[in-house]
Structures are given as structure tokens and as C-alpha cells.
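Beneath this line is the structure, given in C-alpha cells, with notes to follow.
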Amino acid sequence: MGKKIGLAAYLIDDPVQGALFFLGKKLAVKDPKGNIAGIIMETEAYGRAEDKACHGYGNRLTPRNKIIFQQGGITYVYFCYGMHHLLNFVLGPEGVPMAVLIRGVIITEGKELVKPRRKGIPEHQWADGPGKVTKTMGITLADNGISLIGERIWVEESGLEVPDSEIERTPRIGVDYAEEWAKKPLRFVWKKAINRLCLL
DNA sequence: CTCTCGATTAGCT
DNA sequence: GCTAATCGAGAGA
């Protein structure tokens, strides 16, 4: 097991730096039957009050989004489109809405636990989307607002180096309503992760 | 209370 | 490329 990522990394005061930092790290979830883990290969940066795509836009506080105003180091899980749960890591100091959306993971551990719930789906498509990440890893609203330095969900060093040259930047997905913020390149994809993992 | 729409996905054309 | 599925959050009355 790799070294668990500590609180300091989550207190980073910049969602872009955070989104980049977590690429190539290992996301782990403790399931009653064993751990499920995988390498994070796609993220999106959301944040600060001026980001029109962020749930904390304009610092408006609601029962749902209050989590992202808390100090970094906890999860922000919310329900979307009536059927999907989306996982974020809350970042930054308390009072500033900032988070990284985990959009893609390559499952490396606990595959035998995943198989039954992703029946008939090829392995490389198990968690190649934000809704699929939570479904594959068994993350639900019950995991909203919990510590990322805890025993249920955490992030570890993977030992993988992610060169800047292998990170693709694109606009974020599904935020067309966010006007000028819809176009900003705040989505980060490490496409070569799959190749790299084949060598392990 | 009512209405709109979403940080998506799967399946079909 | 298009859209149904599906329901709660958020805004406004």
C-alpha cells in the first residue's frame, strides 16, 4: 500500500493545481468485502466564487453545496441527472468554494468486487466517467462530506510519474451554461495512463 | 408549492 | 449525433 496523501495536499489554494496533483494518484475505497482502488486519470477543476460552473458560484450557500465551503480534505458527493453520484475532493481553506471532480479512474485493485456490479462492461470502461467512478467504487451520498484522510475513502501515492507533456487540457464537460467559464480549459486527462499501467 | 434543469450515461439512428 | 431516463436542488411565487 502506498503512502496516504495527507491534509496539506488538500489545503492547496488553487483548484487547477489540485486537479493536476491528483492525476496519477491512487484513489481507494474500503468496501466491507475488501478495498477497491484505481489510478485517477481524469479530473476537472472547479472553484472560487467567480467560477460560474462551480456550485459555490457567487458564494451562494445552500444545504447541498455547503460542503465545498469547508476546509479541504473531505469529499463532496452529489446526485445529478436523477441517477448519478459525482465525487469531488474539497480543496482549500474554509470559506472558499473549491473542488476537484474525479472524472476517470482505472481500477487496479478489487476487480473481483467490481465485476458483479459492472457485469458485461469491459474493464477499461468501468470508471471512464464521473458517474461510473462512483458506481464502480460503490460511492454514494452516504459518503458525502467525509474525510479523505480517513478509513473509508483516501488517496495514496501510486509511484507513477505523470509528465506535463502527457496531460491533455480541454474545456470542462457538461457546463455549457457557464458562459465564459464553459470554455476555460479546466479538464485534465492523462490518456497514457492506460498504457503505463499495462507495463506494471 | 410549482417548475426547470442538471459537473451523465446507455442505447439507438 | 440524438435523446430518454429520472429526481432532487434551487429559484421564484
Side-chain angles (χ1 to χ4, degrees), chain A residues 10 12 14-23 25 27 29 38 40-70 72 74-92 96-107 114-146 148 153 155 167-191:
Chain A
Y10 298 96
I12 191 167
D14 178 352
V16 169
Q17 279 189 52
L20 288 167
F21 174 81
F22 288 106
L23 279 181
K25 298 293 188 293
L27 172 64
V29 175
I40 296 169
M41 50 73 66
E42 182 176 339
T43 59
E44 276 178 4
Y46 285 85
R48 292 223 177 83
E50 63 268 25
D51 180 359
K52 290 180 179 171
C54 181
H55 288 174
Y57 173 56
N59 279 325
R60 71 177 192 286
L61 194 61
T62 69
R64 178 180 70 160
N65 77 6
K66 63 183 181 188
I67 297 289
I68 57 172
F69 288 88
Q70 291 184 217
I74 60 176
T75 59
Y76 172 49
V77 182
Y78 73 97
F79 189 57
C80 192
Y81 293 112
M83 62 191 83
H84 301 296
H85 299 287
L86 276 62
L87 170 68
N88 296 255
F89 297 163
V90 175
L91 303 181
V96 184
M98 219 184 281
V100 173
L101 171 66
I102 306 304
R103 292 190 54 91
V105 169
I106 299 170
I107 301 297
V114 172
K115 268 175 191 155
R117 62 172 82 136
R118 303 297 278 148
K119 225 158 115 182
I121 299 169
E123 255 187 55
H124 67 280
Q125 290 176 197
W126 277 354
D128 63 343
K132 299 190 206 180
V133 168
T134 53
K135 187 164 190 181
T136 293
M137 303 189 82
I139 295 165
T140 69
L141 279 181
D143 298 304
N144 186 27
I146 65 173
L148 283 162
I153 301 177
V155 183
I167 299 174
E168 186 176 328
R169 290 187 68 147
T170 81
R172 294 173 293 186
I173 307 294
V175 296
D176 294 344
Y177 60 86
E179 300 170 34
E180 76 272 20
W181 284 86
K183 296 175 185 163
K184 294 180 189 285
L186 297 174
R187 171 174 174 248
F188 305 90
V189 189
W190 186 31
K191 282 191 176 169

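Below, chain A is the first sequence line, B the second, and so on; all start at residue 1.
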**Request:** Scan Arg64(A) against the nucleic acid and name what it touches under 4.0 Å (heavy atoms): base, sugar-phosphate only, or nothing.
**Result:** sugar-phosphate
**Prompt:** Once you round it to whole Å, what is the distance between P of dT8(B) and NZ of Lys135(A)?
**Reply:** 16 Å
**Prompt:** Which residue, Phe79(A) or Thr62(A), contacts DNA chain C at a nucleotide closer to its 5' end, judged by nearest heavy atom?
**Reply:** Phe79(A)
**Asked** Under 4.5 Å between any side-chain heavy atoms of Val96(A) and Phe69(A), yes or no?
**Response** no
**Prompt:** When all nucleic acid strands are considered with a 4.0 Å heavy-atom cut-off, which category describes Leu101(A): base, sugar-phosphate, or nothing?
**Reply:** base
**Asked** The side chain of Cys80(A) lies closest to which of these nucleotides: dG10(C), dG6(B), dT9(B)?
**Response** dG6(B)
**Message:** For the P atoms, the ones on dT6(C) and on dT2(B), what distance do you get once it is rounded to whole angstrom?
**Reply:** 23 Å
**Asked** Closer than 4.0 Å, any side-chain N/O of Tyr81(A) to the OP1 or OP2 of dT8(B)?
**Response** yes
**Request:** Choose from dA7(B), dA10(B), dT8(B) the nucleotide whose nearest atom is closest to any side-chain atom of Ile173(A).
**Result:** dT8(B)
**Heavy-atom side-chain proximity of Leu101(A) to Thr43(A) below 4.5 angstrom** = no
**Fill in**
When rounded to whole Å, the NE2 to C1' distance for the pair His84(A) and dA4(C) reads 11 Å
**Request:** Starting from P on dA7(B), measure out to CD on Glu42(A) and report it in whole angstrom.
**Result:** 16 Å
**Complete:** When rounded to whole Å, the CD1 to P distance for the pair Ile67(A) and dA7(B) reads 17 Å
**Request:** Please state whether the rings of Phe79(A) and His85(A) are parallel, tilted or perpendicular, taking 30° and 60° as the class boundaries.
**Result:** tilted
**Request:** Round to a whole Å and report the spacing from CH2 of Trp126(A) to P of dA10(B).
**Result:** 14 Å
**Prompt:** Is it true that Glu180(A) and Lys52(A) make a salt bridge, defined as a side-chain N closer than 4.0 Å to a carboxylate O?
**Reply:** yes
**Request:** Please report, rounded to the nearest Å, how far the P atom of dT8(B) is from the NZ atom of Lys132(A).
**Result:** 12 Å
**Asked** How about Leu86(A) and Thr134(A): do any of their side-chain heavy atoms sit closer than 4.5 Å?
**Response** no
**Item:** Salt bridge present between Glu44(A) and Arg172(A) (N-O < 4.0 angstrom)
**Value:** no
**side-chain N/O Arg187(A) vs dA7(B) OP1/OP2, d < 4.0 Å** = no
**Request:** Enumerate, in order of first residue number, the stems that involve DNA chain C, defined as 3 or more consecutive Watson-Crick or G-U wobble pairs with both distances under 3.5 Å.
**Result:** B:1-6 with C:7-12, B:8-12 with C:1-5
**Fill in**
Whole-Å distance, Met83(A) CE to dT6(C) C1', equals 4 Å
**Test: Asp176(A) and Lys183(A) ion pair at under 4.0 Å** = no
**Prompt:** What integer distance in Å separates Leu86(A):CG from dT9(B):C1'?
**Reply:** 11 Å
